[in-house]
Amino acid sequence: MLKLEGVCAGYGGLSILHELSLEVGEGEIVALVGANGAGKTTTLRTVCGVLKPTEGTIEFRGERINGSRTSALVAAGLVQVPEDRSLFGPLTVAENLTMGAWTRPGHTARKVLDEVYTLFPMLAERRKQIAETLSGGQQQMLAIGRALMAQPRLLMLDEPSTGLSPKLTWAVLDAVRAVRDQGIAVLLVEQNAAQALAIADRAYVMENGTTVLEGTGPELAGDERVKRAYLGLA
Ligand code: ATP
């Protein structure tokens with residue numbers, strides 16, 4: 001689905017990603033965990049076309065997408081939910097969702113809207129509520145719902161637990177699992193390693209702009225180095 005090989009990228013002359021390689025397969029949740037500043041957000045920016053790699057290749061569904069325009073990637077099914085959620089605060093839940101379908105014709109948008117409401121009944125119940133009056137967890141759910149309106153094949157999430165209690169984080173991560181169960185692959189960037197590893201099919205640990213460990217969620221959650229560095233366990 002998504003494959004990065006030897007990717008280098010950065011900001012101006014400042015290189016941040018060094019020979020980064022990772023893969024996301026069909027229908028799997030892959031978590032990318034690591035400390036502040038490890039380069040997780042930079043990885044997502046590079047995949048979604050905001051930054052252009054200086055070396056290496058990025059393939060999405062077998063096509064090289066290095067430096068492709070973000071709008072073309074969204075139309076091809078690669079959609080990101082940004083960390084700040086970027087909702088239209090004064091608009092309703094339904095209006096925010098409809099905006100997410102800008103790449104699709106009207107009749108498709110109506111069908112997908114029904115699917116999103118079935119997946120997240122909370123959004124259906126609150127369809128007329130103004131987005132900025134939702135709780136943090138509900139806003140995150142809405143941001144995910146809006147991304148689903150573009151009918152992604154791969155959804156990329158940047159720190160969906162930001163500002164949420166552990167309980168609300170679980171609710172959001174349950175929603176991420178529901179997305180995966182619809183056959184949509186997920187690349188989940190999280191500083192909250194314990195919860196991310198608990199739902200990930202596979203995961204990578206990132207340090208200094210590259211991946212240093214890879215395994216299934218349970219493998220990494222049980223790894224002594226991961227426990228010490230990221231899970232706060234001795
Ligand atoms: P965080 O959880 O703090 O967002 P992260 O793993 O996502 O961490 P990045 O945001 O990718 O890390 O940052 C990696 C490095 O790139 C950091 O040293 C950061 O200071 C630098 N960086 C990020 N954005 C920019 C920018 N726009 N210009 C210059 N340097 C940047």
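Just the heavy atoms: all of them, side chains too, but no hydrogens, waters or symmetry mates, feed the values below. Counting starts at 1 for both ligands and their atoms, in listed order.
- Scanning Ile16, Leu51, Thr41 for the heavy atom closest to atom 10 (O) of ligand 1 points to Thr41.
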Report the C-alpha distance between Leu14 and Ile16 in whole Å, list the side-chain angles of each, state the deciding distance to 0.1 Å, and finish with yes or no for side-chain contact (heavy atoms from CB on, under 4.5 Å). CA-CA 6 Å; Leu14 184 66; Ile16 301 292; 4.0 Å; yes
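- Between Val33 and Ala196, the shortest heavy-atom distance links the atoms CG1-CB, 4.1 Å.
- Backbone and side-chain nitrogen or oxygen atoms of Gly37 are examined, and one is located within less than 3.5 angstrom of a nitrogen or oxygen of ligand 1.
- Inter-residue side-chain proximity for Leu17 and Met206 is flagged as met; some heavy-atom pair is nearer than 4.5 Å.
- In this structure, CG in Leu168 is found 11.5 Å from CD in Gln139, a value given to the nearest 0.5 Å.
- Under the side-chain contact (heavy atoms from CB on, under 4.5 Å) rule, Leu97 has a single partner from Leu91, Val116, Thr92, which is Val116.
- Protein heavy atom at the shortest distance from atom 28 (N) of ligand 1 is Tyr11 CG, 3.5 Å.
- There is a protein heavy atom less than 4.0 angstrom from atom 15 (C) of ligand 1.
- Closest approach of Val24 and Met1 over heavy atoms only: O-CB, 3.1 Å.
- For Asn36, a nitrogen or oxygen atom sits less than 3.5 Å from a nitrogen or oxygen atom of ligand 1, counting backbone and side chain alike.
- The single protein non-hydrogen atom nearest to atom 2 (O) of ligand 1 is Gln191 NE2, 2.9 Å, given as residue, atom name and distance.
- Using a 4.0 Å cut-off to heavy atoms of Ala35, the atoms of ligand 1 that qualify are 6 (O).
- Of the protein's non-hydrogen atoms, Gly39 N, 3.2 Å is the one closest to atom 12 (O) of ligand 1.
- Between Ala76 and Arg153, the shortest heavy-atom contact is O-CG, 4.3 Å.
- For Val47 against Leu73, the heavy-atom pair with the smallest separation is O-CD1, 3.5 Å.
- By the side chain to side chain donor-acceptor pair (under 3.5 Å) test, Gln151 pairs with Arg104, sequence neighbours left out.
- Of the polar atoms of Leu14, none of the N or O atoms is found under 3.5 Å from an N or O of ligand 1, judged by distance alone.
- Distances from atom 20 (O) of ligand 1 to the protein include no heavy-atom value under 4.0 Å.
- Neither the backbone nor the side chain of Met206 has a heavy atom within less than 4.0 Å of ligand 1.
- In this structure, Val179 is a member of the same hydrophobic cluster as Leu123, with clusters built from ILVMFWY side-chain heavy atoms closer than 4.5 Å.
- Under 4.0 angstrom from ligand 1, the non-hydrogen atoms of Thr42 come from both its backbone and its side chain.
- When hydrogens are left out, the protein atom nearest atom 5 (P) of ligand 1 is Lys40 N, 3.4 Å; that is the closest non-hydrogen contact.
- The distance from ligand 1 to the heavy atoms of Arg45 drops below 4.0 Å at these ligand atoms: 24 (N).
- Taking a cut-off of under 4.0 Å to the non-hydrogen atoms of Glu159, the atoms of ligand 1 that pass are 2 (O).
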